[in-house]
Amino acid sequence: MGNIIFDKLNDQQVKAVKIVNGPVMAVAGAGSGKTRVLTNRVAYLVDEIGVPSNRILAITFTNRAAEEMRNRIFRLIDQPLTGIWLSTFHAMGAKILRYDISHLGYGHDFQIIDDDDSIVVVKTIMKKLDYDVKKFSPKAIANLIEAAKADENILTLNHMIPRDMLNIIFDEYQKFLKDNNLVDFQDLLVLVLHLFRQFPVVLEKYQDWFQYILVDEFQDTNDLQYEIVYLLAKKHRNLFIVGDEDQSIYAFRGANIQNIKKFMTDFPEHQKIILNQNYRSKTTILDAANAVIKHNRNRIPKDLFSTLGTGDKIIHFKAESDDEEAYFIYNKIKQLSKAGFPFRDIAIFYRNNAMSRKFEDILLKYNIPHKVIGNISFYKRKEIKDIIAYLHLLVNRGDDYAFSRVYNEPRRGIGEMTFERMTEYAKEHNLKLMDVIEADVDLFSKATMERLKVFKKIVDELHDNIETVNLLVTYDNLLEKSGYLGMLKADGIQGEKQLEAERRIDNLNEFKTVILEKIKEYDPSVSNTEKLIQILTELALREEAEAALNDEDYVSLMTMHSAKGLEFRLVFLTCFEQTLFPSNQSLMEQTDIEEERRLFYVALTRAKDQVVITNAKSRFMYGHYQENLDSEFISEIDELLIEHMGLAKPRKKFAAWDSAEVASKPVPAAPLGYVPTQIELVIGDKVSHQVFGEGIIVMIDQARATIAFKAPVGIKILMKDHPSIKKV
């Protein structure tokens, strides 16, 4: 049997690999080797059980994770891994639609548009309907349309956008996409569900085809994704999910933590396996993480453990100011660097991007190499989107959407008026825009028609020669003959545009590398046209690209959300103050606090050797000074596991948010002459205080109110019905 070595797996991992039939839920704690389990399970099904690899569907959330799984499986099996469906949800949806979208009235050669394209479409529709694009945001409407595709009730709710207007734009948007054979990212899931629900024969085909389904990061699935998986697995019930409620941190993206419980209800015969041996972190870090996450309710209990040693205590450093906090981190990094500690093993985490500035400033000031890791997509840059549109025209000259992007890019003297006339004529005569040029209609001046014919000739010649030369040659010819490269070189002559032009040319050169890498993956017998179609499909499916770490040696700065899936020897967890983390908004709801706590849990378990938590007594942020209490999460770590430095003091409990402790304490007697107020206060109310000024109620516990006042007062805990407090 292949290269599966079971003595490298622990007992629970072996169990997860070897249970073949029926639903299985692997509760995989942080660093517990879930990818190892998934890849070995696929290899086991193929090599040992004899399941054809093309009858396995394995779904994960990022292209990077899918590629990693694919590479690992290749190393484990003895036979070619042909035909396996190993991809993201959206890539799976695109593949199903390529086969069966005709049932819904679309063509198989549909084009996938991204979020930016959707906004452009909405804006075009609004202008056509004489809606004010300055008064009503096309981006906001595009977001509502995306949400409404998953839940039609969105259209009935009250928004800043008038309901009738939103319904009209929604219908026009859907019609525009279908008329132009376009689908957006939401369609890649929604249209698959439409297929399955409206055409049972299509659903049954895929139910019978996929003998085994595996889903990674199940806690991050949204309702659409769950429904697709449920329908596919409903018949054979060979569904293997890997998930961890404690690492569910993407509710803001639509992830539904309840999907794990829905799985348990929909597949009551499931077997549950707890994967809780951690292969990343020292015991102290795991004990802290276990202690923190136990404060969340209704979770599947598990305690992470490791055999990697105890490790150092967690450090909590409280600074006098945010400047001192940043200097402390810099000095710690500098000391480690002098001792030979690589920068790449160090990360600085924060709750949101606005918190990074101080750390960037101090590292830049003292020449510490660093990089802010974010979500910058190479494929959303203008020059890349333009050239991709050209490539779409090469494989489908009837692609009106691609035509609309590049007919005058670079400038050819073909104005918007010409394009509008072409569009009207094409619609009246049921033609594509390129067909209008071929028809040589009497709509434009002779000079304009000549320019249009030149444009069409460029596209036609590139299309006609696509099979006679290498795709890289086609790409080079496209850059030259379209005039795009010449335009950038001309821009580069002008001093102020030189750097920008060089950057854009570099991007186009890098895109050539992308094509080369993709070509290597395909069978040489496949036509160039088919290769290009596959490349364009894969590029359209790319999610917001994560800035990949390379071999350079630098300190990584990122939000805690961005840190998911990464690991570092030393992690700084910064700005740990109440209303910053947990965030002020999360203090309103228990479920939101629990989401923040899960985020802390994820951040803690990124560290292998050491965690340093920092905060400040006073912080200059959002244009003013503010003073906040220590984050309640710090007090949830056992005092035996933490070492306090700076202004930090040991604390057993965070009294203001610990309702059990507050309830056990007697409420102080009212002062002489005290008369209770009759106002009712709730969380979120604005109040004014005779001494402290205006503030917001962030917590109410029996007779006490915790109020966040403006700087420099900060948070105060007061009797909620004291006469000094007035509701604003």
Side-chain angles (χ1 to χ4, degrees), residues 30 280-282 284-286 288-289 292 311-339 341-374 547 549 553-577 580-583 596 599-617 619 621 628 630-631 633-634 637 641-648:
R280 176 188 300 142
S281 306
K282 297 290 179 65
T284 296
I285 296 170
L286 298 181
V292 167
D312 296 330
K313 283 188 175 185
I314 291 170
I315 293 173
H316 169 213
F317 175 79
K318 183 171 184 177
E320 186 72 42
S321 67
D322 49 344
D323 282 322
E324 185 185 357
E325 178 187 28
Y327 270 99
F328 171 81
I329 291 173
Y330 155 69
N331 282 317
K332 183 78 172 173
I333 293 172
K334 179 179 154 187
Q335 292 167 10
L336 290 169
S337 176
K338 284 184 176 180
F341 203 96
F343 291 124
R344 61 177 165 271
D345 287 340
I346 303 171
I348 300 172
F349 296 167
Y350 32 81
R351 176 62 179 83
N352 62 56
N353 283 307
M355 298 174 180
S356 72
R357 184 182 63 84
K358 282 285 182 185
F359 310 115
E360 290 182 68
D361 287 350
I362 196 73
L363 296 180
L364 182 64
K365 181 177 180 180
Y366 292 103
N367 296 316
I368 300 293
H370 64 282
K371 181 182 287 188
V372 178
I373 308 300
L549 297 178
D553 194 23
Y554 54 77
V555 176
S556 297
L557 288 78
M558 68 189 78
T559 65
M560 296 180 198
H561 282 102
S562 298
K564 180 81 181 293
L566 302 177
E567 59 182 39
F568 302 89
R569 285 177 62 191
L570 169 64
V571 169
F572 290 97
L573 304 180
T574 66
C575 308
F576 262 59
E577 293 140 44
L580 295 183
F581 186 61
S583 67
E596 295 280 280
L599 187 57
F600 180 28
Y601 175 84
V602 166
L604 270 173
T605 53
R606 300 309 94 197
K608 298 162 77 171
D609 298 332
Q610 176 77 67
V611 172
V612 178
I613 299 173
T614 66
N615 59 0
K617 179 182 176 183
R619 184 176 302 278
M621 198 171 185
N628 297 316
D630 291 349
S631 167
F633 297 150
I634 297 175
I637 300 173
L641 302 174
I642 195 165
E643 176 185 351
H644 299 278
M645 300 175 64
L647 300 179

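Just so it is clear, the values below take in all heavy atoms, side chains as well, and ignore hydrogens, waters and symmetry mates. We number each residue from 1, following the sequence as shown. In this text the structure is predicted, and so the values were computed from the model without any measurement.
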Item to check | Residues which pass ring-ring contact (aromatic ring centres under 6.0 Å, His included) with Tyr366, listed by chain and number, not counting sequence neighbours | outcome: Tyr330

Next on the checklist: Tell me the closest heavy-atom pair linking Thr284 and Asp312, and the distance in Å.
Outcome noted: CG2-O, 3.5 Å

Checklist entry - So do Phe581 and Leu573 actually touch side chain to side chain, heavy atoms under 4.5 Å? => result no

Next on the checklist: Are more than 12 heavy atoms, taken from residues, nucleotides or ligands other than Lys282, located less than 6.0 Å from that residue's NZ atom?
Outcome noted: yes

Checklist outcome for this item: In short, Ser556 meets Ile373 closest at the heavy-atom pair CB-CG1, 4.2 Å

Item to check | is_close_aromatic(Phe343, Tyr554), centroid dist under 6.0 Å | outcome: no

Checklist entry - Can you name the one residue among Val611, Ile333, Leu336 that meets side chain to side chain contact (heavy atoms under 4.5 Å, CB included) with Leu570? => result Leu336

Item to check | Over all atoms of both residues, closest heavy-atom pair of Ser356 and Glu360 | outcome: OG-OE2, 2.7 Å

Checklist entry - Do Met558 and Phe349 touch side chain to side chain, with heavy atoms closer than 4.5 Å? => result yes

Item to check | Carboxylate-amine/guanidinium contact Glu596 Arg351, below 4.0 Å | outcome: yes

Checklist entry - Hey, mind stepping through Phe576 and Phe633 against ring pair (Phe, Tyr, Trp, His ring centres under 6.0 Å) and telling me if it holds? => result CA-CA 8 Å; Phe576 262 59; Phe633 297 150; 7.2 Å; no

Item to check | Partners meeting side chain to side chain contact (heavy atoms under 4.5 Å, CB included) with Thr614 (sequence neighbours left out) | outcome: Phe317, Glu325, Phe328, Ile329, Thr574, Val612

Checklist entry - Can you name the closest pair of heavy atoms from Tyr601 and Ala30 and give their distance? => result OH-N, 4.3 Å

Checklist entry - Does the side chain of Ile285 reach to within under 4.5 Å of the side chain of Arg280, using non-hydrogen atoms? => result no

Next on the checklist: Here's a test for you: under side chain to side chain donor-acceptor pair (under 3.5 Å), which of His316, Lys318, Glu577 qualifies with Asn615?
Outcome noted: His316

Checklist entry - Which pair of non-hydrogen atoms, one from Ser281 and one from Thr605, has the smallest distance, and what is that distance? => result OG-O, 3.9 Å

Checklist outcome for this item: Looking only at heavy atoms, the pair that brings Ser562 and Leu566 closest together is O-CD1, 3.9 Å

Checklist entry - For Asp323, what residues pass the side chain to side chain contact (heavy atoms under 4.5 Å, CB included) criterion, not counting sequence neighbours? => result Ser321, Lys358

Checklist entry - Do the side chains of His370 and Phe359 get nearer than 4.5 Å, heavy atoms only? => result no

Next on the checklist: Within the 4.5 Å heavy-atom criterion, are Ile315 and Met645 side-chain neighbours or not?
Outcome noted: yes

